[in-house]
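First comes the structure, then the notes that go with it.
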Amino acid sequence: MSLLGMFWNQTVCLLQHFRGRKNRCYSLAVRAVRRAFVYASKARKAKRRSMRQLWIQRVAAASREQHMKYPALIHNLLKCSVALNRRVLCDLSITEPRSFQSLTALAHARRTEGLRAALGDGAEPPGVFSRITQLQ
Amino acid sequence: MSSFSRSAQQWATFARSWLLIDARMQPPGKIASVCSVRLQGKHKPIYHPLSDIGDHVVVMNTRHIAFSGNKWEQKVYSSHTGYPGSFKQLTAAQMHQKDPTAIIKLAVYGMLPKNLTRRTMMQRLQLFPDDLLPDDILRNLTEELPQPREIPRKLSEYTQEERDAFPMLWTPFRAELRCRPVRMVC
């Protein structure tokens, strides 16, 4: 059982798509494989960051379709104790547009609550379920 | 994604629509930011930078854009071809004179992401100096976007009733003169 044989047996599926002599020659391949593993480890951490960034962009786009901005939506959902994370909000905005619309309506109602209390006639906004919540 | 759910069919989700925007009396930067958002597809919840889901944007009346402030004289567009002595600097007014669509084109180009998809998105942007659009583009248009800036009315566009109904904010100079003792020559 030679070390060289073990190396090629274990890594041939990984480095077949490498460019140049890195996919054939041992010394170059060893270095390339080590770099590839390092990049993969870094990317596993960065994947979570980039997925969150994508969710935020999608939720922002969907909320702008409903005439509301992303920071306003998130802050007001937080104030209403709606603990939906960005992943779920993104999925709802794509596959359940009406549910997302009702969430934006809720956030909008919570946002304009102070203004309505000051200027309005104390009537509840139509279609929004109101309940006193304690922020945890 | 681990959270696929059975939801209703949404038709034409991935369709590429043709949007129209009128740039008359609008600041070119605001027009450009609206265009760049639509060209990238960032207004859609299915956005992904690699998916190429941007829409076509048609901008008309680019000849009639309105810079705020003194930008027509002060804003400078510089270019260099790489050869010695070919550094050119043009003010916005000169650039607009040479090519009425160049200002918006450069603004949108600068607002798009600086990657290989930028050129494809620029090809999807159509600019027209006046409101004369070719037939095939007119047939493709689906939606008109609202103008970013509300155009203020000129004084001549107000009716006499509206002018009279406007409240008096301060007494004008002639009324003050009436209060001062004026020497009468008999």
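To find a chain, count down the sequence lines: A is the first, B the second, and so on, and within it residues start at 1.
Atoms CZ and NE2, on A:Arg64 and B:His43 in that order, are 13.0 Å from each other to the nearest 0.5 Å.
Crowding of A:Leu3 atom CG: a count of heavy atoms from other residues, nucleotides or ligands under 6.0 Å not exceeding 12. Annotation: A:Leu4, atom CG; neighbour count of heavy atoms from other residues, nucleotides and ligands within 6.0 Å is above 12. No more than 12 heavy-atom neighbours from other residues, nucleotides or ligands sit within 6.0 angstrom of CZ on B:Phe166. The environment of A:Arg111 atom CZ is sparse: at most 12 non-hydrogen atoms of other residues, nucleotides or ligands sit within 6.0 angstrom.
Looking only at heavy-atom pairs under 4.5 Å with chain B, the residue among A:Pro97, A:Ser93, A:Ser63, A:Ala61 that has the most is A:Ala61.
Only the backbone of B:Lys44 comes within contact range of chain A, with at least one heavy atom under 4.5 Å from a heavy atom of that chain.
The two residues B:Pro49 and A:Leu54 make their nearest non-hydrogen contact at CD-CD1, 4.2 Å.
Contact check for A:Arg58 versus B:His48: side-chain heavy atoms found under the 4.5 Å cut-off.
A single hydrophobic cluster is not seen to contain both B:Ile65 and B:Leu133; linkage of ILVMFWY side chains at heavy-atom distances under 4.5 Å, directly or through other members, places them apart.
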